[in-house]
Structures are given as structure tokens and as C-alpha cells.
Amino acid sequence: MRRITRRTFATAAVGAASALLATGTGSASGAPRRELRGMWLATVANLDWPTSAKLRPAEQQRELRALFDTAVARRLNTVFFQVRPTADALWPSPYEPWAQYLTGQQGRDPGWDPLGFAVREAHGRGLELHAWFNPYRVANHTDPGRLTPDHPARRHPRWVLPYGGKLYYNPGLPEVRSFVQDAMLDAVRRYPVDGVHFDDYFYPYPVAGQRFDDDAAFDEYGSGFANRAAWRRDNIDRLVYEMAGKLRDGNERAGRQVRFGVSPFAVWRNHGTDPQGSRTQAGVQTYDDLYADTRRWVREGWLDYIVPQVYWPLGSTPADYAELVPWWARTVDGTGVDLYIGEALYKAGDAQPAAWKNPAELSRHLTFARGYPQVGGHVYFSAKEVVRDRAGAMARVVRDHYGSTARP
């Protein structure tokens, strides 16, 4: 797989200008600074929206408008909207059923088009909207009989594996990889979304005492690899590389720019495992446990941006914010891949570790990150926390850092 060059000379020139603007509140001409300020808006399990699958369409629309209004009030400029939470869709997809989180029943037509509505409402407020996809999660249970009768996972039972109380598409099958790409790209073709966004789930997070049983796929496709781990990483590399290429080709045909990004767990590898890794002691390493070589995707230029979820406070022993931000800044440096930092707003106010009790902790994160010109912004998890702001941490961020609007 070759390196993908996703930047033109003109884009590089814009990036250089953006870096200059990022050092202050704006240019001499008064133009707003460039800085991505985002929030993740999760739909799986009705985490952020809609608050209930029993709400009528008009009520769900009011809730969504209110979330976008709050983003504008907080001077954010980007929403990462989860449109494919569990191998289903928040638009009329020809590939997968309607998401159950809209009506309470998977496959039931909600009577309106949430993704189309969201794009219009976001753009009408000057917000970018990135379509957030989970590539391989099929269900938060292990019973295929609970899926719609025409669900791809039921029509192709070979594609699906149970693990950790959930169902997953098997990343080791080429036909699965092709299918999930087509299912996601359907949204890009239909709607003027500003980005395609993957979250941190590739191979599932490890569950103690359980085994992801992909023996049959490994026997069929893994003979050219040194071990199963290398084969699994190659499967995920191909997903990312191929998606990047298809988006690039689609952009060229359509004459528009849909950006591609990933928000991984922030620890690629611990330094104790690999000298190139971060000086952390995290219990999960994306390279070894999720088979996601996030560092390679950046160094090879397969992404437009990366949003590592740096969900630890400054000074944390297992993984220090002050270690991971510089590590990622070094990783993206010179690659043309933009770096935004994922922030754990949902932890603000927690008693442990003690740093989260301080409502100024997140503001301190932005102050620290401002010392690294590679950092182009921050994304907050999640939308409902941006609204309720139980510890006042978001208000503190806005007061200290978002005194004026910014362009993403």
C-alpha cells in the first residue's frame, strides 16, 4: 500500500496561513482565527440524541436543533454526528436498516431523514458536520434474531462474530471490508457532509477470558503473514487505506473536499513495548490490542486529520496529557495530517483522579496544547456534556480560550 498524497500546493499554502492565524485571535484584517472546535454527538444507545426513541419526529428535530444551537453558543464550529452506530443508518440507506435508536425498532422508517436534516441545520448555523461511522460493530447484544430479517448480518451469517456480549462484522473478510465501505460511502454520495469520521473501534477492545474467534478467516487469508496480529493489522490498514482512496477519488469527481479522520484511543504503543511509543503505561495499546496502527496511518498520509482521545489529566501516572500531546505533535509533524485533541468533558467533575474535580482542568489542557503549533483544535465528548456542563468546565474553556469565533 502506497503513501497517499492528499494535499496540493494550494492546500499547503492555506495550512501555512492557518498556522500563522492560530497564534492569535485573528489576522491583521480581522479575519477569525482557524481552529477546529468540535463535539461528538453520539446516537448509539440514545447517548446524546434522541433522548428517547419514543419522541415524535418534531420533538427529535427540536432536540437536534437545540444541540446545534448550544454548539454555536459555546463558539464551537464542528459537529461529529454518529450516523451509523450499529451497522444501521440514520438516513434511508439501501445497504442497512434504519437505526433502532430513532423509533425503538430497527428497520422502522422514522418518517423523516435525520442526516439530511442535520446537514441542513448545521450548515445553516455555520457548523461543519462530519458523518461519524462505526465500521464493524453490528449490535450491542449477541442474538442475530433480534436484527431485522433482511439485515446483512442475517443474510451473511459468516460475516459475523460474537465477542464480549456484542456482535461484530469480521474485519478479516475482504467482502466485509468492501461492504462496510460501500455502506458508509452511500451517505457521502447523498449528502454534502464535510467529513467522514471513524471512532476508536476496529477490532474490539479486549475482554478478559474471551477470544475473538476468527480462525476460519485467518486460515483462509492469513498464510502470508508472520502471525495473526500482523494479519489483523493489515486488515485494518486496508480498511483505512482503501477508504482514503475512495474518498479522494470521489472528491476529485465531485469537485468537493470531504475530509477523512479517525479518533483513536490515544496510546499507539507504550515506550516499554516500543521505543517509538509514548512514555505511558496504558493498559490498552491500539497497535497491539485493537490492531490499529494509527501512527502508520498518519506517517503514510492516509488521513486528513486525527483526533486522539487524550482522556487523562495533566500529571496522570498511567498516561499523562503532557506526554501524549507532544508525542502526537511529533507524530504528525511534517505529514500534512491535521491534529486535534479529543477531550474528556464527560469526566469533568469526577472525584478520581483528583484533577478532574478542578473545573479549570480542561482549560489547562488547551493552554498546554497551545504550546504545540501542530495542534489545530479540540473535540469534546460528548454533546450532552457540552449542554449540561455539570462542573462548569466547558464554560471555563469558552471564557478562557473561545473569546471569539473561529473557522475550522
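Heavy-atom basis, side chains included; hydrogens, waters and symmetry copies ignored.
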Flag for D274-Y287: side-chain donor and acceptor within less than 3.5 Å: no
Any Lys/Arg nitrogen of R65 or E121 sitting under 4.0 Å from an Asp/Glu carboxylate oxygen of the other? yes
F202/W297 under ring-ring contact (aromatic ring centres under 6.0 Å, His included): CA gap, chis, key distance, verdict: CA-CA 14 Å; F202 294 99; W297 306 343; 5.3 Å; yes
Assess whether a salt bridge exists between D304 and R259, defined as any Lys/Arg side-chain N lying under 4.0 Å from an Asp/Glu carboxylate O. no
L239 CG to S178 OG distance, which is reported to the nearest 0.5 Å: 11.0 Å
Do V379 and L36 have side chains that approach each other closer than 4.5 Å (heavy atoms only, starting at C-beta)? yes
Mind checking whether Y311 and F381 have parallel, tilted or perpendicular rings, split at 30° and 60°? tilted
Compare every heavy atom of Y201 with every heavy atom of P135, then report the nearest pair and how far apart it is. CD-O, 3.9 Å
Point-to-point distance, once rounded to the nearest 0.5 Å, from CG of L127 to CG of L67: 11.0 Å
Between D400 and R364, does at least one N-O distance fall below 4.0 Å, as a salt bridge requires? no
Any salt bridge linking R154 with D150? Criterion: basic side-chain nitrogen under 4.0 Å from a carboxylate oxygen. no
Take the angle between the ring planes of H156 and W159 and call it parallel below 30°, perpendicular above 60°, tilted in between. parallel
Decide yes or no on side chain to side chain donor-acceptor pair (under 3.5 Å) for D113 and Y191, but give the supporting numbers first. CA-CA 11 Å; D113 181 353; Y191 304 95; 2.6 Å; yes
Apply the test side chain to side chain donor-acceptor pair (under 3.5 Å) to residues W91 and D186: give CA-CA distance (whole Å), side-chain angles for both, the deciding distance (0.1 Å), then the verdict. CA-CA 10 Å; W91 74 96; D186 181 67; 2.7 Å; yes
Tell me, with the steps shown, if T280 and N270 meet side chain to side chain donor-acceptor pair (under 3.5 Å). CA-CA 5 Å; T280 51; N270 295 320; 2.6 Å; yes
First locate atom CG of L41, then atom CH2 of W49, and finally report the distance between them rounded to the nearest 0.5 Å. 8.0 Å
Side chain to side chain donor-acceptor pair (under 3.5 Å), paired with W40, selected from H197, Q309, H130: H197
Provide the closest heavy-atom pair for P110 versus P57 in the form atom of the first, atom of the second, distance. O-CG, 3.6 Å
Would you say the side-chain atoms of Q60 pair up with the backbone N or O of L102, donor to acceptor, closer than 3.5 Å? yes
Shortest non-hydrogen pair, L314 vs H365, comes out as N-NE2, 3.8 Å
CZ/R390: more than 12 non-hydrogen atoms of other groups inside 6.0 Å: yes
Check the side chains of Y101 and D88 for a donor-acceptor pair under 3.5 angstrom, ignoring hydrogens and angles. no
Taking atom types as modelled and ignoring hydrogens, do the side chains of R75 and Y402 form a donor-acceptor contact shorter than 3.5 angstrom? no
Indicate the atoms forming the closest heavy-atom contact of R84 with V180, along with that distance. NH2-CG1, 3.7 Å
Please step through ring-ring contact (aromatic ring centres under 6.0 Å, His included) for the pair W328 and Y305, ending with a clear verdict. CA-CA 12 Å; W328 279 104; Y305 66 86; over 10 Å; no
Test side chain to side chain donor-acceptor pair (under 3.5 Å) on Y169 and E175 and set out the steps. CA-CA 10 Å; Y169 282 132; E175 59 267 37; over 6 Å; no
Y203 and Y136: aromatic ring centres closer than 6.0 Å? no
